[in-house]
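Proteins come first, then strands; the chains are lettered A, B, ... in the order of their sequence lines, and each starts at number 1. FYI, side chains are in, hydrogens and waters are out, and symmetry mates aren't considered; it's all heavy atoms of this structure.
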Protein chains: 2
Amino acid sequence: MPADPAAGVTTARATLAEVAERAGVSISTVSKVLNGRSGVSQGTRTKIEALLSDHRYNPRNPGPNHAPLIEVLCYEIDSWWSSEALASIERVARRRGVGVVVSGTSDRQQPDAGWIEGVLSRRPVGAVLVSSNLQATQLQQLRSRNIPFVMLGPTGDVPPEVPTIGSADWSGAYAAARHLIELGHREIAIVTGPGDMMAATARLSGFRAALDAAGLELRKEHLRRAEFHHVDGIEQGRRLLTLEHRPTAVFAASDVLALGVYEAARAMGVAIPSQLSVVGFDDVRVAQWAGPALTTVRVPIAEMAAQAVELVLGVRGGGLDTTRIDMATTLVLRESTAPPGT
Amino acid sequence: MPADPAAGVTTARATLAEVAERAGVSISTVSKVLNGRSGVSQGTRTKIEALLSDHRYNPRNPGPNHAPLIEVLCYEIDSWWSSEALASIERVARRRGVGVVVSGTSDRQQPDAGWIEGVLSRRPVGAVLVSSNLQATQLQQLRSRNIPFVMLGPTGDVPPEVPTIGSADWSGAYAAARHLIELGHREIAIVTGPGDMMAATARLSGFRAALDAAGLELRKEHLRRAEFHHVDGIEQGRRLLTLEHRPTAVFAASDVLALGVYEAARAMGVAIPSQLSVVGFDDVRVAQWAGPALTTVRVPIAEMAAQAVELVLGVRGGGLDTTRIDMATTLVLRESTAPPGT
């Protein structure tokens, strides 16, 4: 396990008493910090956190110290992506007899104040971060309590030692663009996600690579960045459709964005696919119900979520290897793409 | 509080020791049953449950015996309705410093085996049942542990003493039908939910009442029952559109069903709204993104969910009054309805 920085450490792990002694506080004070309880000054708390982290405190008997709970931190619980992931997480956890605590966050890069204290006090067996990220200190707090975690799905810049389960974004986008090129499209636009999300950047990159391979240019005004929200899809779709060099096809880096482009096209009387081809990404359930049914890149959301749960539940008592799993994506052909001008 | 059958009981509440004595077992055995732990025979468990229920066992000091958690039992976590409700529940609970444990169920009428034990062992402050129901014994188990609960959203037949938060289904459906009638439709069909769901029955009833008031007949073949699933909407839509007396308008008792009818219409080349008007129910987020945007009856899902949380959190330490709140529904006019044959 050379990828786990902890694996090679040979110094003995500290007991609660040793941490207390080094910090010059009582065992009960260390316990309070460990379990996210109040009544400890910020200075003492910081000192104890540092000792817990340096000495990789490890309870002698990790079993009884953890509740049969898994924590799920989720950016936008009711997004299609998150709700499908959450349903799968819950199914797998239920089968394993583990409860699921769900917390939302309004900031993709860090949870609300109070989240980490809640987690520490609940002492879960693991955590899954759905399209969300933690600050370095919070990651360290989970590590020092032996709470394994994994990031699932599109997130920002992920520290190298954090395990992730994602999708093959680059190759999925490449396949989407190649499909449009093979249909004869030459003016192909992309609406992708924010620049601080690796998944969005990888999708843009795969898209570009396919255009390059075909000797096609990506016009500057055909590259649009947006949040992964429906309204952004409408807005960017409208902009693209009012350009002088109007694209004949749009690759949207999420189904939500694609359906926003649908709405823009509908409002402007542009028919899909005869006047505009659209390809999405994710294959959330609604993609097949759209009018016309959306051609998209399938991300195996439920399988990824199941894998995330199995991963954190499988490593109780030890460190989690640095795992990067990118699950395969597949292009699903439906009715939203056709040769240009048909 | 005359509506609460417990409120008038004047006998003293039993302590743990008293229950143990009456059952002829140790206090630790009663404690095991109370907290959903194993190691107690079924016979003893049943006996203790009965005593807990008869004597309305009440911990002397309910505070420390409950974890800052709320349990959410949810039928189809990733349905649009449930995911919007869940997001709202989580937001309100987070603001109140309470964690949310989510469990799915594959049966609307009762949770999977193991759910109640999990709940009892976690000792939550309350429970919200989203589109799901419990068996009488499970309701009793929650009551005897002082865990207040409320049912939220469409469910089956609800015992009279169970508090619910629902929507004004009858009047919403009445408004939907009246809108279609006012547009000039005379052949109006309905696709409603299963007969064992009160919400579906109330929506059918409101629809019928509006037709009656206008002197219109509901053809037998224009009344379709289905699960609240997209595939059922497609199936029922297809059947309606192949009838000799084809309806010019369809009222679907949920948006999911309405979008299934959309799909059936699209597949058969029937244009909405010029050849077929469609009205949905719920106003889940996707309703406004459908093509054309769906005219529907708005159910204030997020507000209902918030109310459910406030209700169970507001009654710690006491019994929950029998509360039936039906929140107002409003017709939202969009682009899926028009006069017939336009």
**Asked** If you tally heavy-atom pairs under 4.5 Å against chain B, which of I77(A), V101(A), V100(A), V286(A) wins?
**Response** V100(A)

**Request:** Evaluate the side-chain proximity of P124(B) to I70(B): yes if any heavy-atom separation is below 4.5 Å, no if none is.
**Result:** no

**Prompt:** Heavy atoms, side chains only, cut-off 4.5 Å: are D282(B) and W80(B) in contact?
**Reply:** no

**Message:** For L69(A), which atoms come within 4.5 Å of any heavy atom of chain B: side chain, backbone, both, or neither?
**Reply:** side chain

**Asked** Taking the side chain as C-beta and beyond, is there a heavy-atom pair between P111(A) and I116(A) under 4.5 Å?
**Response** no

**Winner by heavy-atom pair count (cut-off under 4.5 Å) against chain B, out of E117(A), R122(A), R94(A), R285(A)** = R94(A)

**Pick from R266(B), E263(B), E71(B) with the largest number of heavy-atom pairs that fall under 4.5 Å of chain A** = R266(B)

**Message:** Please rank V119(A), I89(A), T105(A), V72(A) by heavy-atom pairs under 4.5 Å with chain B and give me the top one.
**Reply:** T105(A)

**Request:** Carefully, step by step, assess H229(A) and E76(A) under the rule side chain to side chain donor-acceptor pair (under 3.5 Å).
**Result:** CA-CA 11 Å; H229(A) 291 152; E76(A) 297 180 335; 2.6 Å; yes

**Message:** With a 4.5 Å cut-off on side-chain heavy atoms, are W81(A) and V130(A) touching?
**Reply:** yes

**Complete:** Applying a strict 4.5 Å limit to non-hydrogen atoms, the region of A85(A) in contact with chain B is neither

**Complete:** Checked E90(A), E84(A), E335(A) vs chain B; the most non-hydrogen pairs under 4.5 Å come from E90(A)

**Item:** Per-residue contact mode, S79(A) against chain B (heavy atom under 4.5 angstrom)
**Value:** backbone

**Request:** Taking the side chain as every heavy atom from C-beta outward, state whether E303(A) and Q307(A) have any atom pair closer than 4.5 Å.
**Result:** no

**Asked** Using a cut-off of under 4.5 Å for heavy-atom pairs, which of I234(A), V102(A), L259(A) has the most such pairs with chain B?
**Response** V102(A)

**Request:** Measure R91(A) against the heavy atoms of chain B and call it side chain, backbone, both or neither at under 4.5 Å.
**Result:** neither

**Message:** I'd like to know if the side chain of S277(B) and the backbone of A338(B) have a donor-acceptor N/O pair within less than 3.5 Å.
**Reply:** yes

